**Q** 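The following block contains the structure, expressed as structure tokens.
Please read all numbers here as calculations on a predicted model, not as lab measurements. A, B, ... follow the sequence lines: proteins, then strands. Residue 1 opens every chain.
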Amino acid sequence: MKQVSPIFKREFLGYFRSPVAYVFLVAFLVMSVSLAFSRYGGFFKGGVAGMESYFGFFPWLLLFIVPAVGMRLWSEEKRSGTVELLFTLPITTLEAVLGKFLAGWAFLTLAILLSFPMALTVAWLGRPDWGIVVSTYLGAILMAGGYLGVCALTSALTKNQVISFVLSLGACAILLFLGFSSFTATLEGFLPIAAADALANFSFITHFDAFTKGVIDPKDVVFFLSLMGFTLFLNVVALER
Amino acid sequence: MIEVTGLVKTYGNKRAVDGVSFSVKRGEILGFLGPNGAGKSTTMKMITGFVRPDAGTATVDGVNIATDPVAVKRKLGYLPESAPAYGEMSVEEFLGFIAEVRGFRAADAKRTQVDRAIRLTQLASVRRQTIETLSKGYKQRVGFAQALLHDPPVLVLDEPTDGLDPNQKIEVRNLIKSMAVEKAVILSTHILEEVDAICTRVIIISQGKIVADETPAALRARSPGARLDEIFRSLTRSDT
Ligand SMILES: Nc1ncnc2c1ncn2[C@@H]1O[C@H](COP(=O)(O)OP(=O)(O)O)[C@@H](O)[C@H]1O
Ligand SMILES: [Mg+2]
């Protein structure tokens, strides 16, 4: 596992070697803040100083942002041929997968944490519940990791970044929509109710919700971590195929 | 140093490599010669562990690539065809990354290895330039620098002089020759004069099969008076 760190370092710094990273971080911030202040966000309407309106958009925002970060993870290596270089260096597939995933996750975490000034603004306007702020940040970071695991896997399946993006977006959207009653109601139409319920348990919304209420339920943490573990395992399998 | 027995690789219904066996000893420079599509790159990819063979084994310094790939990769320096590299990095950053993965983590050990590779491949003038802005010849040298950074006992070079101008070709050949004394080297090429210039042995491969394995002199002696490329043409058929 010693070899994870140089892979991580190269990949993480790689985000900042192109202007794309800076554009991305700023766009992320602008989008999340303006969504929160928009008439859908109701940041002012709420009358309570909190991050709920801001974080209410995170599952949606991350749905687009994470595939944008994740699509290049393996597709780019395959397109440019560097995958041949990488896998003839003395590292295992698992080390490469972990290094790249952790770098992408760290980058997304950075993007999420950049919204902390928002939290400070709220603190200045009112008296936010810091417990909720912290648990919501934790939930958002875990959710980003869950999405990224899925995206890393889909990006290992193709060398075309556009296909990779669309596949990731589709897979992540399904994971998100599973939490909506209308969507699960449709599923119940042709699946046994137990199966539909079980599927609903895989939704990101279901597991993210508790965090925004200040509850850190080990079940939710384990859900996101095991999703990451599972997708990374499949990622190794897909690359060694 | 390198032992290859019965390597086979099939893509779809195409036998890219069809039972290739040979060995390379320390101090030898083996020229892998053949028309495009003959299976040179695929054979090298199997030796370096990037492609898994359908049958056959490859061992480097007694270690089987199938059972301990990481140990084999430590002993190898590999220049893949068309020298892929992370284009957004500078030459120095890229070689620094390779040095770290190769185990040179301490700052001074890393600098020593990077400086040595840059000196050997004469990259000093572009060391801070990003790789994507380099000319083909310089990119090729970066790939070469990456392959010899850890001074490996075995070098596998896929068309190392491809895209270089005549002067650069001669420089690279001299470099390979000077390093080969204590190494085992395999290089692929479709340039006959290259084999003549530096190789101690030549293998001609055609449609995935070895059709000749001898010294350049013995190859020449096959039909005295004929030019080397005539012998080559009589032994191979172009795959299209
Ligand atoms: N990834 C691949 N998928 C399908 N066919 C391949 C692949 N790689 C190589 N081939 C085929 O295998 C044959 C040998 O290719 P290669 O080893 O690259 O030849 P060379 O390096 O001698 O030019 C060619 O016919 C090529 O089209
Ligand atoms: Mg080739």
**Q** With heavy-atom distances below 4.5 Å as the criterion, would you say the side chains of Ile91(A) and Val70(B) are in contact?
**A** no

**Q** What closest approach, in Å, do Arg102(B) and Thr88(A) show between heavy atoms, and which atom pair accounts for it?
**A** NH2-O, 4.1 Å

**Q** Would you give the length of the straight line joining atom CZ of Arg74(B) to atom CG of Leu89(A), rounded to the nearest 0.5 angstrom?
**A** 11.5 Å

**Q** If you count heavy-atom pairs under 4.5 Å with chain A, which of Glu88(B), Arg105(B), Glu81(B) comes out on top?
**A** Arg105(B)

**Q** Using heavy-atom distances under 4.5 Å, tell me whether Lys75(B) contacts chain A through its side chain, its backbone, both, or neither.
**A** neither

**Q** Do Leu85(A) and Phe94(B) have side-chain heavy atoms sitting under 4.5 Å apart?
**A** yes

**Q** Do Phe97(B) and Ile7(A) have side chains that approach each other closer than 4.5 Å (heavy atoms only, starting at C-beta)?
**A** yes

**Q** Would you indicate whether the side-chain heavy atoms of Tyr86(B) and Glu76(A) approach each other to under 4.5 Å?
**A** no

**Q** With no hydrogens and no angle check, is any side-chain donor or acceptor of Arg52(B) less than 3.5 Å from a backbone partner on Glu240(A)?
**A** yes

**Q** Short question: side chain of Glu84(A), backbone of Pro80(B) - any donor-acceptor pair under 3.5 Å?
**A** no

**Q** Taking it one step at a time, do Glu100(B) and Arg10(A) satisfy salt bridge (charged side-chain N to carboxylate O under 4.0 Å, His left out)?
**A** CA-CA 10 Å; Glu100(B) 284 176 26; Arg10(A) 194 207 67 75; over 6 Å; no

**Q** Does CZ belonging to Arg111(B) count more than 12 external heavy atoms closer than 6.0 Å?
**A** no

**Q** So which heavy atom on Ser80(A) is nearest to which on Pro84(B), and how close?
**A** O-CB, 3.8 Å

**Q** Indicate yes or no: at least one non-hydrogen side-chain atom of Val83(A) is less than 4.5 angstrom from one of Phe50(B).
**A** yes

**Q** Quick check on Leu79(B) against chain A: is it the side chain, the backbone, both or neither that has a heavy atom closer than 4.5 Å?
**A** neither

**Q** How about residues 218-236 of chain A versus chain B: which residues have heavy atoms under 4.5 Å apart?
**A** none

